[in-house]
Amino acid sequence: MKKLIKNATILTMESNRLVKGDIGIEKDRISFIGKMPDHFDPEYEIDARNHMVMPGMINAHSHGAMSLLRNYADDIPFWEWLTEKVWPIEAKMNSNDVYWGTMISIAEMIRSGTTAYADMYFHSEETAKASLEAGIRCSIAKGLVGSSEEDEQRMADTRTLYKEWNGAGDGIISVMAGPHAPYTCDASFLGKVMNLSDELNIPIHIHLSESEKEIEESIKKHGKSPIAHVHSLGLFKHHVLAAHCVYLMPGDIQLLREENIYVAHNPLSNLKLGNGIASIHEMKEAGVNIALGTDSSCSNNNLNLFEEMKMASLLAKGKTTDSTVLSAFETLQMATKNGARALNLEESIGVLKVGGKADLILINMDQPHWYPHQNLISSLVYSSHGSDVETVIINGKVVMEKKEFKTIDLEKIKYESKKIVERIY
Ligand SMILES: N[C@@H](CCSC[C@H]1O[C@@H](n2cnc3c(=O)[nH]cnc32)[C@H](O)[C@@H]1O)C(=O)O
Ligand SMILES: [Zn+2]
C-alpha cells in the first residue's frame with residue numbers, strides 16, 4: 001500500500017538541517033522525501049502538520065521480559081541485585097512469562113518512538129514471536145553462560161533460534177550470539193561462542209566492564225581488564241555489541257576503536273545500579289561507535305530513549321565539566337544511526353532516505369514544552385518527552401497511529417502480566 005505523510009517537518013539525520021515537505025512510502029521503503037511526484041497516488045494519508053518526522057530510535061541494549069520485574073529490586077547494590085534478586089526470580093520464569101514481559105516492553109518502546117531494539121534473554125523464541133507480531137525490529141541474543149556439561153546444548157539453542165527466526169518478518173528479526181559477560185563465561189566457553197558466531201556469521205552481544213568488581217576480579221584472575229582479556233581471546237575479530245564499558249583501563253579505548261567495537265551506553269541503568277558514568281566523551285573523541293540503550297526496566301526503570309538521550313548528554317557535560325561536549329545532534333546520532341550500525345542493520349536504517357527502509361516516527365511539536373520552536377534539535381534532546389510520539393511506522397507498516405496501537409492488544413498485556421507477577425513474586 002502507498003502511504004503519504006503530508007506537511008511534515010523532516011529531520012533525516014543525514015544532516016542536522018530540517019526540511020518541510022511530504023514523505024511517500026511504498027511497501028517497506030521510502031519512495032520520496034520533499035514534493036510528491038504526480039504519479040504517486042497514495043491510498044493512505046497521515047497529516048503531519050506541526051509534527052516532526054525522524055528516523056525511529058534504536059535501543060541498543062535491553063532485556064525485554066524484565067519489564068515483569070519493573071520496580072522489583074530497587075536501591076540495592078549491583079551484585080546483590082543481580083545474584084540475590086534477579087537470578088532467583090528468573091529461575092521461575094517460563095516461556096509464556098517471557099512472551100508477555102517482552103510485550104510490555106514492546107508496547108512501551110513503540111509508545112516512546114523506538115522502532116528497533118537489541119535484546120538478550122532466555123526463551124528467546126518468545127521474544128522473536130512477540131516482536132514479529134508487534135512488528136518491531138529486533139536483534140535477539142539468547143543469553144549464554146558457561147557451564148561445561150550444557151555448553152553444546154546452549155550452542156545448539158542459538159543455532160535453532162537462528163534457523164527458525166533469522167530474517168523472519170521480511171528481515172525485521174535477526175539473531176546474535178549472546179555470551180552474558182566475561183565473568184559468567186570462561187575462555188573455553190567464549191571460544192565456542194566465537195566458533196558459533198563464525199559458523200552462522202552473526203554478531204556477538206555481551207555485557208562488558210560494567211562494575212568496579214568486574215574489573216578488580218578480571219585483574220586478579222587474568223592480569224588484564226575485561227576488555228583486554230576478551231580481546232586477547234580473539235573476541236574482537238567479530239562484530240561485537242558491548243553493553244556498558246563504564247570502567248576503562250589505559251589502552252581499553254584504543255582497543256575498542258581499533259577493533260571497531262560497538263558500545264551500548266546505558267546511562268540510567270549505570271547510575272541506578274551505582275556503577276558510575278562511562279567516559280562517553282573520551283570514547284567518542286577516539287572514534288568509538290557509541291549507541292544508546294536502556295538496559296532493562298529492572299535497572300532503569302523504563303525503556304524511554306528520550307530520557308536516555310538527555311541523561312547521556314548531560315552526564316557527559318557534567319563528567320568533563322565542559323558544556324560543549326556531546327551536543328544535541330551527536331546525542332541523536334547515538335540513538336539512531338549509531339544504533340543501527342551497532343545492531344548490524346541494513347545501511348539505510350537510522351536515517352531517512354529515498355529507497356531506504358521506512359522506520360520512522362511522528363512527534364507532536366504542538367505542545368507547551370516545545371515552544372517557541374527556536375531550535376527543534378535541541379527541543380528533541382533537552383525538552384521533549386517520549387509521550388510526544390504519536391505515530392510509528394516500522395518496515396513501512398503503521399504500528400501506532402495517534403497513540404493507538406495497531407498490532408498490540410494492551411488490555412491483554414496488562415491482564416496477563418498481572419497474573420504472572422502474582423505467581424512469580
Ligand atoms: N541465565 C540465563 C542467561 C542470561 S540472559 C541475560 C541475563 O542478563 C541479566 N542482566 C540484566 N541486566 C544486567 C546487567 O546490567 N548486568 C549483568 N547482567 C544483567 C539478566 O538478569 C539475565 O539473566 C540462562 O543461562 O538461561
Ligand atoms: Zn544488560
Side-chain angles (χ1 to χ4, degrees), residues 59-70 72-74 76-95 97-98 101-102 105 117-127 139-158 161 175-186 189 192-193 204-215 217-218 226 241-247 263-276 278 291-303 308 342 424:
N59 188 341
H61 180 67
S62 71
H63 311 272
M66 289 178 82
S67 284
L68 289 172
L69 310 181
R70 196 194 309 270
Y72 151 79
D74 295 331
I76 49 180
F78 169 63
W79 197 243
E80 196 182 318
W81 171 86
L82 187 62
T83 61
E84 289 175 35
K85 297 290 285 185
V86 172
W87 285 347
I89 200 166
E90 285 181 338
K92 297 192 219 167
M93 283 164 67
N94 61 35
S95 55
D97 304 341
V98 169
T102 305
S105 292
Y117 72 110
D119 190 90
M120 184 205 286
Y121 218 57
F122 46 91
H123 296 305
S124 304
E125 323 65 56
E126 301 296 326
T127 308
S139 297
I140 303 168
K142 203 170 190 124
L144 301 165
V145 294
S147 69
S148 56
E149 65 284 7
E150 286 171 38
D151 285 1
E152 285 318 313
Q153 187 53 46
R154 286 173 190 276
M155 300 305 142
D157 289 346
T158 291
L161 185 72
V175 171
M176 294 189 180
H180 171 257
Y183 56 89
T184 48
C185 302
D186 64 17
F189 187 77
K192 290 175 192 167
V193 176
I204 293 175
H205 185 175
I206 188 168
H207 291 102
L208 201 55
S209 283
E210 181 180 12
S211 66
E212 199 168 10
K213 178 177 158 74
E214 179 183 344
I215 300 282
E217 289 189 352
S218 176
L241 169 55
H244 305 306
C245 300
V246 177
Y247 285 86
V263 172
H265 175 41
N266 307 275
L268 281 161
S269 172
N270 296 152
L271 286 177
K272 187 156 184 308
L273 291 172
N275 282 330
L292 215 50
T294 57
D295 217 346
S296 82
S297 303
C298 192
S299 65
N300 188 306
N301 290 356
N302 63 38
L303 307 177
E308 219 68 43
I424 62 174

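In listed order, ligands and their atoms are each counted from 1. Along the sequence shown, residues are numbered consecutively beginning with 1. Scope of the values below: all heavy atoms of this structure, side chains included, with no hydrogens, waters or symmetry mates.
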With the Zn ion (ligand 2) at the center, what angle do NE2 from H61 and NE2 from H207 span, rounded to 10 degrees? 90°

Using only N, O or S atoms, tell me which atom of D295 is closest to the Zn ion (ligand 2). OD1

Provide, to 0.1 Å, the distance between [atom] and the closest protein heavy atom, together with that atom's residue and name.
atom                    : value
atom 3 (C) of ligand 1  : G143 O, 3.4 Å
atom 2 (C) of ligand 1  : F122 CD2, 4.1 Å
atom 20 (C) of ligand 1 : E90 OE2, 3.3 Å
atom 11 (C) of ligand 1 : H63 NE2, 3.2 Å
atom 13 (C) of ligand 1 : H207 NE2, 3.7 Å
atom 18 (N) of ligand 1 : H180 NE2, 2.8 Å
atom 25 (O) of ligand 1 : R154 NH1, 2.9 Å
atom 15 (O) of ligand 1 : E210 OE2, 2.6 Å

Applying the side chain to side chain contact (heavy atoms under 4.5 Å, CB included) test to Y117, which of N59, I140, L303 qualifies? N59

Could you tell me, atom by atom, which parts of ligand 1 come under 4.0 Å of a heavy atom of [X]?
X    : value
F78  : 16 (N)
H244 : 15 (O)
Y183 : 17 (C)
V86  : 21 (O)
V145 : 25 (O)
M120 : 6 (C)

Do you know which two heavy atoms are closest between M176 and A342, and how far apart they sit? CE-O, 4.1 Å

Minimum heavy-atom separation for N302 and R70, please, with both atom names. CA-NH1, 3.6 Å

Tell me whether the rings of H205 and H207 are parallel (<30°), tilted (30 to 60°) or perpendicular (>60°). tilted

Evaluate the ring-ring contact (aromatic ring centres under 6.0 Å, His included) criterion for residues Y247 and H244: first the C-alpha distance (whole Å), next the side-chain angles of each, then the deciding distance (0.1 Å), finally the verdict. CA-CA 8 Å; Y247 285 86; H244 305 306; over 10 Å; no

Could you tell me whether the side chain of T184 and the main chain of H180 form a donor-acceptor pair under 3.5 Å? no

Going through the distances and angles, do K272 and D74 end up as a salt bridge (Lys or Arg N to Asp or Glu O under 4.0 Å)? CA-CA 8 Å; K272 187 156 184 308; D74 295 331; 2.9 Å; yes

Is it the case that ligand 1 has an N or O less than 3.5 angstrom from some N or O of D295? yes

Stepwise ring-ring contact (aromatic ring centres under 6.0 Å, His included) check, W79 with Y183: CA-CA 12 Å; W79 197 243; Y183 56 89; 5.6 Å; yes

Report yes or no: is the cationic atom of K142 (NZ for Lys, CZ for Arg) closer than 6.0 Å to the six-membered ring centre of Y121, at no more than 45° off its axis? no

Rounded to the nearest 0.5 angstrom, the CD-NE2 distance for E90 and H63 is 8.5 Å

side-chain hydrogen bond (donor to acceptor under 3.5 Å, both in side chains) evaluation trace for N300 with E308: CA-CA 10 Å; N300 188 306; E308 219 68 43; 3.1 Å; yes

